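I have placed the structure first, in the form of structure tokens, so that the comments after it can refer back to it.
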Amino acid sequence: MSKRKLTIAITGLNNTDNPGPGIPVIRGILDSKLFDARIIGLAYENLEPGIYMRDLVDKSYHIPYPSAGSDILLKRIEHINKIEKIDVLIPNFDAELYSFIKSSEKLKKMGIATFLPTMEQFEERHKWNLCEFGKKYNVKVPSVKSFYSEAELYKAAPGLTFPVFVKGKFYDAYLATNAEQLRMHFYKLYSKWGFPVLLQQYIRGTEVNVVALGDGHGKTIGAVPMRKQYITDKGKAWAGITLDDEKLIEITHKIIKKSKWRGGMELELIKDEMNNLYLIEINPRLPAWVYLAVGAGQNLPEALVKLALGLKTNKYTKYDIGKLFIRYSYDLICKLEEFEQLSLYGEL
Amino acid sequence: MKINKKIAISESGFVFNPTTGDSYSLNPIAAEILDMLKKDLSEDEITDALLEKYDVTASVLHRSIDEFIDTLKEMKILENE
Amino acid sequence: MENYNMEKLNFERPIIRKINTGISNKFGMKTEFEPIKHIDNVGVKGLAAEYGSPVFVLSEKTMRRTFNDAKRAFDTRYPKVQFSWSYKTNYLNAVCNVFHSEGSWAEVVSRFEYDKAIANGVPGNKIIFNGPDKTDDDLNTAIKNDSFIHIDHFDELYKLIELAPKHHKKPKVAIRVNMDTGIYPMWDRFGFNYENGEAWEAISKIIISNKLEFTGLHTHIGTFILSASAYAIAASKLAELAVRIKLKFHKDISYIDMGGGFASSNTLKGSYLMGIDTSPSFDDYAEAITTALINSDIDPDNMPLLILETGRALIDDAGSLIGSVVANKKLSDGRKATIMDFGVNLLFTSFWYDHKITPAQDFSHHSETTTLYGPLCMNIDQIRESISLPPLKRGDLVVVSKVGAYNMTQWMQFIMMRPKVVLIDKKGEVHIIRHNETREFVESLEEVPLHLKKAKDVNGNKHKHNGKPVEIDSKN
């Protein structure tokens with residue numbers, strides 16, 4: 001059977017020590033036995049390593065930051081689409097999802113398929129809505145409070161207990177063990193991501209993660225749980241191992257079934273000493289460690305492309321338990337001309 | 001005032017300083033000026049050429065070129081002889 | 001030169017920019033800087049030449065189009081809808097009359113605004129009088145004119161009960177209700193609280209007094225509310241009160257006034273995404289409010305009139321400010337700064353918006369990051385802390401978009417006079433709707449006591465006034 005030719009545009013090429021999911025998603029797609037994909041990288045910054053990984057990425061284009069507005073983003077994509085004829089677009093950053101979800105109908109009119117959560121799903125799983133989310137879907141969550149100004153924080157300060165997690169609206173989380181650290185992180189997060197800044201109850205226990213894919217009708221296409229084996233100083237997984245834990249799979253199925261989740265997701269949970277699971281975050285996209293799922297037998301990036309194209313997509317029921325991923329860094333050697341080409345003309 | 005000889009300027013308006021590793025981009029007029037500096041034209045000659053070509057008053061042009069040359073010096077692209 | 005016989009080329013300041021390896025540059029994204037050369041087909045350059053710089057420009061077409069968008073969003077979802085123009089948002093008479101001609105009533109919050117509405121020809125029974133500060137005279141006038149008085153506090157409520165008998169008619173009143181809608185901050189300084197029972201107490205007192213005609217319920221949950229669902233909560237709570245009034249007093253209220261607070265598409269400071277991508281549409285607000293009312297227990301045959309006092313969302317888009325570059329500067333740490341001929345004196349809203357500012361002439365797609373300052377000798381006079389713009393030079397024009405709300409009422413006359421405001425009508429004709437202020441105008445209200453009329457000048461020479469020298473004690 002000959003492979004179907006596809007052009008797939010992908011963001012999140014920042015394959016640094018705090019990697020975006022772009023490159024792992026691309027690797028999954030290139031592993032596919034169904035598709036012969038031409039990969040178009042969409043980059044925000046000149047030095048996103050994926051741009052220069054020419055064996056994985058065929059062509060890269062600059063796109064404007066989401067903060068420039070979805071109108072400008074769409075115009076840029078329209079321009080790229082004229083040249084490349086994109087079949088499927090997979091955004092991989094939390095901060096850009098809002099714009100892409102909002103624009104998905106317009107992308108469809110350009111002939112570009114996506115497979116993203118609905119705006120409602122995207123909004124209700126926000127960190128600052130986690131308490132209501134927990135209630136609605138009957139899962140345990142730590143208490144979270146949103147702060148919309150520094151004044152509010154000062155007012156609440158006497159009643160706070162430490163340690164406490166300080167989280168930015170889209171990204172970044174720090175553990176503050178005293179008021180001074182809290183103020184510092186609070187200011188940093190507010191300057192970077194705006195309000196609200198969130199304070200989340202610290203729960204002692206082990207962090208476990210699940211990567212999953214929902215079909216938008218309540219069915220879980222695949223789900224693989226993982227525990228981080230080694231964590232970098234940024235709190236990112238350096239190595240991880242797939243787990244055999246029915247409770248984790250169960251909770252994932254429950255959330256996807258009740259919310260009719262559409263698209264990739266990553267659940268972050270804490271298992272306390274009593275074996276209680278607390279949901280601490282839902283990331284509305286595939287995570288950077290998704291290639292572990294591919295290696296364990298579930299090619300979720302490929303399945304996501306199939307769903308986006310409206311193809312029949314079977315459920316994965318098995319995965320290899322005890323499969324490890326170990327991340328490594330690698331120095332690419334590039335020519336200055338490549339950097340010049342990208343930074344001056346916005347494409348490479 | 002001379003252009004640092006090690007500086008590489010490409011047609012596209014991309015400037016690379018191999019001593020510092022910094023790279024820069026130029027808008028078309030900036031590229032034009034840098035090109036003339038490379039050909040050892042004096043500031044007056046540059047001003048005259050631009051006055052002829054562009055719709056601009058002499059005072060605005062002088063002000064712009066002065067500021068641009070200051071910036072080039074700060075960036076160590078131009079050096080005092 | 002080869003261009004000798006040709007028209008000279010457009011000049012742009014030469015710039016060199018370090019390619020920042022961390023931050024994306026804007027190459028290939030020329031659309032971000034599409035110049036604004038026209039407003040409603042009238043040239044920006046011409047407007048500045050004719051009416052000066054800076055100058056506020058209002059588009060009648062945009063005002064009417066926006067109003068009709070809002071009206072359609074509500075009319076298609078609810079049987080009885082009435083808009084009421086929020087005077088404080090922009091009370092230039094030409095603006096008010098655009099909205100009145102579209103059928104809007106007047107919503108006023110002071111005697112000054114009330115008298116303006118009357119002078120604009122709005123009948124007294126189509127004026128809603130809000131606000132915490134109404135004098136006895138204000139109340140008597142409103143009662144006489146059959147205006148709707150929205151009571152803010154118990155002192156006002158008792159005062160009305162006291163004043164009513166002299167008028168031999170029942171003043172038409174509503175109460176303003178504040179409540180928790182999940183919005184921070186909660187505006188509990190206005191009106192009567194829902195949750196603690198104060199609102200119900202006020203309602204009971206009014207109805208039992210039998211001196212006032214209880215007409216409706218009013219709320220105004222805040223400003224620039226980005227969550228349409230907060231309005232659903234507010235509408236449900238008012239509907240609950242309406243149902244309770246019916247049960248206890250067998251009375252149908254005639255209206256529910258949801259106030260204003262709808263966001264415009266401006267971008268709030270500190271928010272990551274653009275306002276145009278995140279602000280709810282009129283349809284979103286309308287859906288939330290009307291669904292909550294229709295799904296409430298209010299008798300479907302006696303649905304109250306739905307009143308809306310939205311101001312900002314109706315006028316913001318219609319206003320632009322044309323201004324020009326005064327100077328380019330370099331700050332001590334090398335950052336670029338650009339001084340404009342307009343500042344926070346004219347753009348009060350720059351304290352909370354990242355205003356969209358666009359050059360009015362062609363340029364290449366190269367850009368630099370700069371801080372935009374106003375012309376005031378005041379450190380806080382900053383329009384944009386950091387904005388990426390093409391290299392502008394002295395005299396270049398820019399257009400600040402979406403400035404129609406609040407700026408023409410909250411502007412201040414500090415060291416300079418306020419500029420002209422012009423309106424472009426539907427045919428593209430330009431009308432001055434407010435002249436620029438003059439020194440004579442500003443000083444016309446001043447009085448100088450006789451002994452201060454003459455002063456020694458800085459060189460110690462005595463001035464003569466009406467031919468007579470005036471002695472000035474200069475010992476201290």
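Heavy atoms only: backbone and side chains are in, while hydrogens, waters and symmetry mates are out. What you are looking at is a predicted structure, and each value in this text was computed from that prediction instead of being measured. A, B, ... follow the sequence lines: proteins, then strands. Residue 1 opens every chain.
- Between Glu74(B) and Lys330(C), at least one side-chain nitrogen of the basic residue sits less than 4.0 Å from a carboxylate oxygen of the acidic one, meeting the salt-bridge criterion.
- Minimum interatomic distance between Phe11(C) and Val56(B) (heavy atoms only, all atoms of both residues): CD2-CG2, 3.5 Å.
- How far OG of Ser59(B) is from CZ of Arg394(C): 9.0 Å, rounded to the nearest 0.5 Å.
- Ion pairing between a basic and an acidic side chain is recognised when a charged N comes within 4.0 Å of a carboxylate O; Glu67(B) and Lys329(C) show no such pairing.
- To the nearest 0.5 angstrom, Lys393(C) atom NZ is 10.5 Å from Leu61(B) atom CG.
- Taking CD1 of Ile15(C) as the reference point, atom CD1 of Ile29(B) lies at 10.0 Å (rounded to 0.5 Å).
- The ring-ring contact (aromatic ring centres under 6.0 Å, His included) check on Phe414(C) picks up nothing, with sequence neighbours excluded.
- The number of heavy-atom neighbours closer than 6.0 Å to NE2 of His435(C), taken from other residues, nucleotides and ligands shown, is 12 or below.
- Around atom NZ of Lys76(B), no more than 12 heavy atoms belonging to other residues, nucleotides or ligands sit under 6.0 Å away.
- Between the Lys8(C) side chain and the Leu51(B) main chain, a donor and an acceptor come within less than 3.5 Å of each other.
- With a 6.0 Å radius and a threshold of 12 heavy atoms from other residues, nucleotides or ligands, Ile276(C) has its CD1 atom at or below the threshold.
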Task: Test log, rule side chain to side chain contact (heavy atoms under 4.5 Å, CB included), inputs Leu72(B) and Ile16(C) - done: CA-CA 8 Å; Leu72(B) 292 178; Ile16(C) 178 163; 3.9 Å; yes
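- In this structure, a donor-acceptor pair under 3.5 Å is present between the side chains of Asn27(B) and Glu12(C).
- Nearest approach of Tyr54(B) to Asn10(C), heavy atoms of both residues: CD2-O, 3.4 Å.
- For Lys420(C), the NZ atom sits in a packed shell: over 12 heavy atoms of surrounding residues, nucleotides or ligands are nearer than 6.0 Å.
- For Ile77(B), the part lying under 4.5 angstrom from a heavy atom of chain C is the side chain only.
- Remark: Glu440(C) CD is packed, more than 12 non-hydrogen atoms of other residues, nucleotides or ligands lying under 6.0 Å away.
- Both the backbone and the side chain of Arg13(C) come within contact range of chain B, with heavy atoms under 4.5 Å apart.
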